[in-house]
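Below is one structure; the comments refer to it alone.
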Number of protein chains: 2
Amino acid sequence: MSRTGADLALLLLGGFRTLVDDAVDELARRGHHDVRPVHDFAMRAIAAGADNASALGRHLSVTKQSAAKTIGVLQERGYVAVEPDPGDARRKRLIVTELGFEVMRQGEAIFEELRAGWAARIGAEELATLERHLTTLVGARPIRFDTPGGVGRDLT
Amino acid sequence: MSRTGADLALLLLGGFRTLVDDAVDELARRGHHDVRPVHDFAMRAIAAGADNASALGRHLSVTKQSAAKTIGVLQERGYVAVEPDPGDARRKRLIVTELGFEVMRQGEAIFEELRAGWAARIGAEELATLERHLTTLVGARPIRFDTPGGVGRDLT
DNA sequence: CGTAAAAAGACAACCTGGCTGTCTTTTTAC
DNA sequence: GTAAAAAGACAGCCAGGTTGTCTTTTTACG
């Protein structure tokens with residue numbers, strides 16, 4: 001059956017939503033009712049080295065103000081701590097807390113289970129091929145998390 | 001290289017954004033600066049039979065209030081017309097206008113070009129396989145368009 | 001035929017995650 | 001020493017979603 005380009009876009013979004021919705025549901029079942037995908041991705045970015053709001057914004061391809069909002073929520077919920085940067089008074093250093101790491105670990109485990117389910121359904125080789133193709137097509141482009149309906153713009 | 005489940009989710013989102021961002025940019029170049037993906041998908045759903053706000057909401061997996069907002073924007077911009085339903089006074093019938101169809105046609109063409117570019121890069125057979133796999137995995141699940149960071153809920 | 005339930009839509013307010021604009025403080029570069 | 005750049009704070013706005021409440025109309029049922 002022939003598909004249109006728009007259908008391809010919807011398939012990709014559908015795949016994303018399937019994984020993410022299932023992951024969020026499972027995290028909620030495990031007691032974390034207040035974690036959304038952007039939170040997990042933000043914590044991953046912080047743990048990977050984006051340790052201030054400006055850097056996190058760049059990592060997530062959002063403004064530092066938007067990143068700061070997300071940080072505020074993560075801080076409020078105890079997943080991230082903020083402290084002064086000893087080497088630069090302008091900066092606030094971000095630290096993923098133990099609770100934050102716990103949520104990230106559970107998130108990883110859940111995503112792995114979901115991915116394993118996908119591998120079981122279409123074949124591990126086929127899934128690896130699918131991932132390789134998407135890596136080729138998407139490349140290193142920064143991924144933005146705003147509303148699929150929304151249009152982001154280049155950031156400073 | 002081994003990938004995590006979260007990376008898979010990001011690859012899917014990245015693929016979606018790549019297509020959609022490029023499509024929106026190209027539509028803007030062709031004079032339609034005010035069309036966002038949710039508008040195109042809403043018009044597609046209306047043209048496919050979701051001809052009132054409640055039905056559109058179900059189609060898009062959002063509340064009828066949210067669908068009504070999108071309809072309001074599309075109406076304001078001349079892409080959709082709203083008229084009373086002769087058979088049911090409660091309902092407002094939605095009609096995609098000629099301008100709306102024009103935008104949809106251009107959107108289709110742009111998405112086809114983008115998809116063709118993908119086929120050129122990884123092979124038409126490989127792309128068809130990727131689509132078939134995603135169709136298997138995503139199935140008929142309704143796709144929601146809210147913020148990837150957001151968590152939608154079951155709707156009435 | 002009358003009434004309760006359901007459906008469609010309108011309206012208001014809220015939420016989330018993005019944006020722009022403005023400002024202050026601090027660091028860097030010259 | 002000063003200008004430019006960077007980091008962050010704050011306010012307000014935007015888009016697209018939600019919930020809650022309400023009215024009108026249709027449907028189902030006794």
Side-chain angles (χ1 to χ4, degrees), chain A residues 13 17 20-21 24 34-42 50-77 82-94 142-156, chain B residues 13 17 20-21 24 34-42 50-77 82-94 142-156:
Chain A
L13 181 64
R17 298 250 47 132
V20 152
D21 289 351
V24 166
D34 55 2
V35 177
R36 286 197 272 284
V38 70
H39 299 153
D40 184 72
F41 295 131
D51 67 347
N52 62 34
S54 298
L56 183 61
R58 287 192 291 276
H59 242 274
L60 301 181
S61 295
V62 299
T63 63
K64 57 189 179 181
Q65 287 72 39
S66 179
K69 275 189 175 179
T70 300
I71 291 163
V73 170
L74 291 173
Q75 189 179 7
E76 185 179 293
R77 295 174 186 178
V82 180
E83 65 184 31
D85 188 303
D88 194 322
R90 294 170 296 178
R91 293 181 172 208
K92 297 288 183 60
R93 182 172 285 176
L94 306 174
I143 299 168
R144 289 186 304 98
F145 292 85
D146 64 312
T147 310
V151 180
R153 298 182 192 124
D154 288 304
L155 307 171
T156 48
Chain B
L13 182 63
R17 297 245 51 127
V20 153
D21 288 350
V24 166
D34 54 2
V35 177
R36 288 196 273 283
V38 70
H39 300 153
D40 184 73
F41 295 130
D51 66 347
N52 64 34
S54 298
L56 183 61
R58 287 192 292 274
H59 242 276
L60 300 180
S61 296
V62 299
T63 62
K64 58 190 176 182
Q65 287 73 38
S66 177
K69 274 187 175 182
T70 300
I71 291 163
V73 170
L74 290 174
Q75 187 179 11
E76 185 180 293
R77 296 176 184 175
V82 179
E83 65 182 31
D85 189 303
D88 192 322
R90 293 171 298 178
R91 296 181 170 208
K92 297 289 183 57
R93 181 173 285 177
L94 307 175
I143 298 169
R144 291 186 301 100
F145 292 87
D146 65 313
T147 309
V151 179
R153 301 188 190 121
D154 288 302
L155 307 173
T156 48

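Within every chain, numbering begins at 1; the chains are lettered A, B, ... in the order of the sequence lines, protein sequences first and strands thereafter.
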Review point. Roughly how far, to the nearest 0.5 Å, is the CD atom of B:Gln65 from the OG atom of B:Ser54?
Key: 8.0 Å
Check your understanding: Between B:Glu76 (CD) and D:dC14 (C1'), how many Å, whole number?
Key -> 13 Å
**Study point:** Separation of atom CG in B:Asn52 from atom C1' in C:dA6, rounded to whole Å
**Key:** 14 Å
**Study point:** Touch class at under 4.0 angstrom, heavy-atom based, for A:Asp85 against every strand present
**Key:** nothing
Scan the side chains in residues 68-76 of chain A for donor-acceptor partners under 3.5 Å anywhere in the protein, sequence neighbours excluded, and list what turns up.
unit_1	atom_1	unit_2	atom_2	d
A:Thr70	OG1	A:Ser66	O	3.4

Practice item. Indicate the atoms forming the closest heavy-atom contact of A:Ala50 with A:Leu94, along with that distance. Key: O-CD1, 4.0 Å
**Study point:** Counterpart residues, side chain to side chain donor-acceptor pair (under 3.5 Å), relative to A:Arg90 (two or more places apart)
**Key:** A:Asp88
Check your understanding: Rounding to a whole Å, what distance do you find between A:Leu13:CG and D:dG16:P?
Key -> 14 Å
Exercise for review: Using atom CZ of B:Phe41 as one end and atom P of D:dA15 as the other, report the distance to the nearest whole Å.
Suggested key: 19 Å
**Study point:** Heavy-atom closest contact (A:Ala53 atom, A:Ala67 atom, distance)
**Key:** O-CB, 3.6 Å
Review point. How long is the line joining NZ of B:Lys92 and C1' of C:dA7, in whole Å?
Key: 14 Å
Point to revise | Length of the line joining A:Glu83:CD and D:dG8:C1', which is rounded to integer Å | key: 16 Å
Point to revise | Any residue of residues 64-73 of chain B with a heavy atom less than 4.0 Å from an atom of DNA chain D | key: B:Gln65, B:Ser66, B:Lys69, B:Thr70
Point to revise | N/O (side chain, A:Arg58) to phosphate O (OP1/OP2, D:dA7) under 4.0 Å | key: yes
Study note, to complete from the structure: Read 5' to 3' with Watson-Crick or G-U pairs under 3.5 Å, [ ] for crossing pairs and | for partners on another strand, DNA chain C gives ||||||||||||||||||||||||||||||
Practice item. Heavy atoms only: give me the nearest B:Pro37-B:Val24 pair and the separation to one decimal. Key: CD-CG2, 3.7 Å
Check your understanding: Quick one: CG on A:Asp51 to NE2 on A:His59, what's the gap to the nearest 0.5 Å?
Key -> 9.5 Å
Considering only nitrogen or oxygen atoms on both sides, find all protein atoms under 3.5 Å from nucleotides 1-3 of chain C and state each distance.
none

Exercise for review: Please name the pair of heavy atoms, one in B:Asn52 and one in B:Lys92, separated by the smallest distance, quoted to 0.1 Å.
Suggested key: CB-O, 3.4 Å
Practice item. Send over the distance from B:His39 NE2 to D:dC14 C1', rounded to a whole Å. Key: 12 Å
Check your understanding: Over how many whole Å does the gap from A:Leu56 atom CG to D:dA7 atom C1' extend?
Key -> 13 Å
Exercise for review: Would you please confirm or rule out a distance under 4.0 Å between OP1 or OP2 of D:dG8 and any side-chain N or O of A:Arg90?
Suggested key: no
Practice item. May I ask you to verify if any side-chain N or O of A:Arg91 is less than 4.0 angstrom from the OP1 or OP2 atom of D:dG8? Key: no
**Study point:** Counterpart residues, side chain to side chain donor-acceptor pair (under 3.5 Å), relative to A:Asp85 (two or more places apart)
**Key:** none
